[in-house]
2 protein chains.
Amino acid sequence: MFNITSGSVRVYKLLPDGRRQITGFLFAGDFVGLATGEDYAFSAEAIEDATLCRFRKSDYRALIRQAPALESALLERATHELAAAQNQMLLLGRKTALERVASFLLNLPEDPVRPASDGLVRLPMTRAEIADYLGLTIETVSRVFSRLKTTGVIRLVSLHELRIEQPDRLAALAEGEG
Amino acid sequence: MFNITSGSVRVYKLLPDGRRQITGFLFAGDFVGLATGEDYAFSAEAIEDATLCRFRKSDYRALIRQAPALESALLERATHELAAAQNQMLLLGRKTALERVASFLLNLPEDPVRPASDGLVRLPMTRAEIADYLGLTIETVSRVFSRLKTTGVIRLVSLHELRIEQPDRLAALAEGEG
DNA sequence: CGATTTTTTGATTGCTGTCAATTTGGGTGG
DNA sequence: CCACCCAAATTGACAGCAATCAAAAAATCG
């Protein structure tokens with residue numbers, strides 16, 4: 001089990017022919033490998049320089065014995081991840097490309113370095129990673145970004161940083177009310 | 001929190017315009033509402049006659065104090081659900097209609113009444129529910145069923161019961177190797 | 001057994017994927 | 001510091017899978 005100290009990590013699954021689904025992006029503070037023993041059948045890779053804190057299974061067990069409250073906290077985290085997973089299933093199963101990208105942008109964590117950055121979000125991942133997270137192709141992601149840009153909803157500061165100019169319109173688009 | 005004693009339950013989320021994504025089907029033995037306190041923002045309904053066992057939050061807490069091992073068990077369950085959710089994200093984001101239906105059929109629990117039923121599976125849910133679970137329309141689900149039927153992979157015993165005639169071919173189809 | 005809902009089947013549309021060509025950006029070495 | 005190179009991203013043309021619209025068939029229910 002790992003705890004991310006800094007940086008970003010992607011968790012994903014593959015099909016035999018190479019199709020990839022990224023099931024989540026993890027950031028500082030998040031845990032990787034909540035599985036308690038069995039084989040979990042997913043992969044994880046850093047998408048930028050990252051530092052992790054590793055727990056051995058034996059150490060983990062000792063820690064639990066020593067501080068049972070830790071297990072409650074982990075259960076709560078797992079529950080939150082489960083809720084996030086359900087949201088992502090709704091996105092993948094029922095939302096259009098525009099709605100997916102809008103939802104994605106709204107769920108990105110605000111830059112922790114500049115908390116009052118007012119709509120400025122960092123995109124440490126590539127377009128390909130965004131596409132594999134949203135169940136789309138890079139071309140479609142790119143087209144939606146362009147559309148949001150020309151309609152004034154967002155502004156691309158750089159390839160990996162953008163500003164949400166109209167959060168309410170973006171929120172409406174995310175729920176199919178645009 | 002509830003524990004299903006018998007029957008089947010669907011868990012789902014809705015978009016404002018009515019689009020529905022069923023995030024899971026639960027059967028006897030499964031838990032509903034693993035959330036430890038907060039609002040979870042999903043709905044659950046029985047899809048056939050079902051009996052549940054309810055736990056109040058206070059009772060739950062008392063139970064945990066009395067048997068801390070229970071919390072470990074719940075964490076493990078949540079972890080399994082998380083793994084299942086990741087599989088479903090792969091399905092919704094990257095699989096074709098044929099692959100989705102094939103995967104769905106393989107993941108159905110075998111009839112517990114007749115354990116040696118050899119490929120006989122029960123479909124307590126309607127086509128509409130299957131469609132909303134797989135991110136498809138009822139028409140597409142129906143067409144795939146027909147295709148699997150004419151190719152001899154499955155046989156429809158009745159609308160809500162079918163036999164998997166060629167499990168290996170179905171498994172190959174599920175992973176895009178058909 | 002008739003009415004109504006569910007499922008299946010058919011015809012057509014359309015959103016997103018695929019294929020392809022630029023354009024942009026990042027990184028490296030001169 | 002700049003020019004070059006390669007990878008990533010954008011943009012365009014077209015195709016295809018699944019959605020939509022529509023109708024027939026089957027199943028459920030009173």
Side-chain angles (χ1 to χ4, degrees), chain A residues 10 15 17-22 45 47-49 91-105 122-151 153-162 173 176 178, chain B residues 10 15 17-22 47-49 90-105 122-151 154-162 173-174 176 178:
Chain A
R10 62 166 180 248
L15 285 173
D17 63 4
R19 278 174 287 173
R20 180 177 68 166
Q21 179 64 39
I22 292 180
E45 291 173 3
I47 61 178
E48 60 181 344
D49 289 350
L91 181 151
L92 292 170
R94 289 304 181 206
K95 290 190 180 180
T96 66
L98 177 60
E99 290 161 5
R100 294 183 197 199
V101 172
S103 303
F104 168 70
L105 293 177
R122 219 164 50 86
L123 297 168
M125 62 291 286
T126 65
R127 297 289 187 272
E129 287 164 340
I130 295 173
D132 283 350
Y133 179 59
L134 299 179
L136 301 170
T137 60
I138 52 177
E139 292 93 333
T140 298
V141 170
S142 184
R143 273 184 255 271
V144 174
F145 269 62
S146 297
R147 192 135 73 91
L148 290 172
K149 201 172 54 181
T150 59
T151 54
V153 177
I154 64 172
R155 171 189 299 275
L156 285 171
V157 179
S158 75
L159 264 179
H160 292 287
E161 198 165 27
L162 64 83
L173 290 173
Chain B
R10 62 166 179 249
L15 285 172
D17 63 5
R19 278 174 289 174
R20 179 177 68 165
Q21 179 64 39
I22 292 180
I47 61 180
E48 60 181 345
D49 289 350
L90 176 64
L91 180 152
L92 293 171
R94 289 304 181 206
K95 290 191 179 179
T96 66
L98 178 61
E99 291 160 5
R100 293 183 198 199
V101 172
S103 303
F104 169 70
L105 293 177
R122 219 166 49 86
L123 295 170
M125 62 291 287
T126 65
R127 298 289 186 271
E129 287 165 339
I130 296 173
D132 284 348
Y133 179 59
L134 299 179
L136 301 170
T137 60
I138 52 177
E139 292 94 330
T140 298
V141 170
S142 183
R143 272 185 255 271
V144 173
F145 270 52
S146 296
R147 190 134 74 92
L148 290 172
K149 200 173 52 181
T150 59
T151 55
I154 65 171
R155 170 190 299 275
L156 285 170
V157 178
S158 75
L159 263 181
H160 293 287
E161 198 166 28
L162 64 82
L173 290 173

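Quick note on labels: first sequence line is chain A, next is B, and so on, each numbered from 1.
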*Specify the separation, in whole Å, of atom CD of B/E99 and atom P of D/dC17.*
12 Å

*asked:* Mind checking if A/L136 touches a base, just sugar-phosphate, or nothing, with heavy atoms under 4.0 Å?
replied: sugar-phosphate

*Of the candidate nucleotides C/dT16, D/dA18, D/dG12, which contains the atom at the shortest distance from the side chain of B/T140?*
D/dA18

*asked:* Rounding to an integer number of Å, can you tell me how far A/L98 CG sits from C/dC15 C1'?
replied: 12 Å

*asked:* Could you tell me how far apart B/L156 (CG) and D/dA27 (P) are, to the nearest whole angstrom?
replied: 10 Å

*For B/R19 and D/dT20, what is the distance between atoms CZ and C1' respectively, to the nearest whole Å?*
14 Å

*Can we say A/D132 and B/R94 salt-bridge, meaning some charged N sits less than 4.0 Å from an Asp/Glu carboxylate O?*
yes

*For A/T126, report the nucleic acid contact type (base, sugar-phosphate, nothing); a contact means any heavy atom under 4.0 Å.*
sugar-phosphate

*With nearest nucleotides of DNA chain C determined for B/F145 and A/L159 from heavy-atom distances, which residue corresponds to the more 5′ nucleotide?*
B/F145

*Taking the side chain as every heavy atom from C-beta outward, state whether B/L98 and B/R147 have any pair of such atoms under 4.5 Å apart.*
yes

*Report the nucleotide, chosen from C/dT16, C/dT7, C/dT18, that has the shortest atom-to-atom distance to any side-chain atom of A/T137.*
C/dT18

*Touch check for A/S158, heavy atoms < 4.0 angstrom, all strands: base, sugar-phosphate only, or nothing?*
nothing

*asked:* Of the options D/dT11, C/dT7, C/dT16, whose atoms approach the side-chain atoms of A/S142 most closely?
replied: D/dT11

*Can you tell me how far C1' of C/dT6 sits from CD of B/E139, to the nearest Å?*
12 Å

*asked:* On DNA chain C, does the nearest nucleotide to A/R147 precede the nearest nucleotide to B/R127 from the 5' side, or the other way round? Give the residue.
replied: B/R127

_What is the separation between atom CZ on B/R94 and atom P on C/dG17, rounded to the nearest whole Å?_
7 Å

*asked:* If you go through the side-chain atoms of B/R143, does one of them form a donor-acceptor pair with the base of D/dT20 closer than 3.5 Å?
replied: yes

*Do B/R19 and A/E99 sit within salt-bridge range, that is, some charged N less than 4.0 Å from a carboxylate O?*
yes

*For B/R100 and D/dA18, what is the distance between atoms CZ and P respectively, to the nearest whole Å?*
8 Å

*Looking only at non-hydrogen atoms, find the nearest pair between A/L134 and A/R100 and report the distance.*
O-NH1, 2.8 Å

*Send over the distance from B/L91 CG to D/dA18 P, rounded to a whole Å.*
12 Å

*asked:* Please determine whether a side-chain nitrogen of the Lys or Arg among A/R10 and A/E48 lies less than 4.0 Å from a carboxylate oxygen of the Asp or Glu.
replied: no

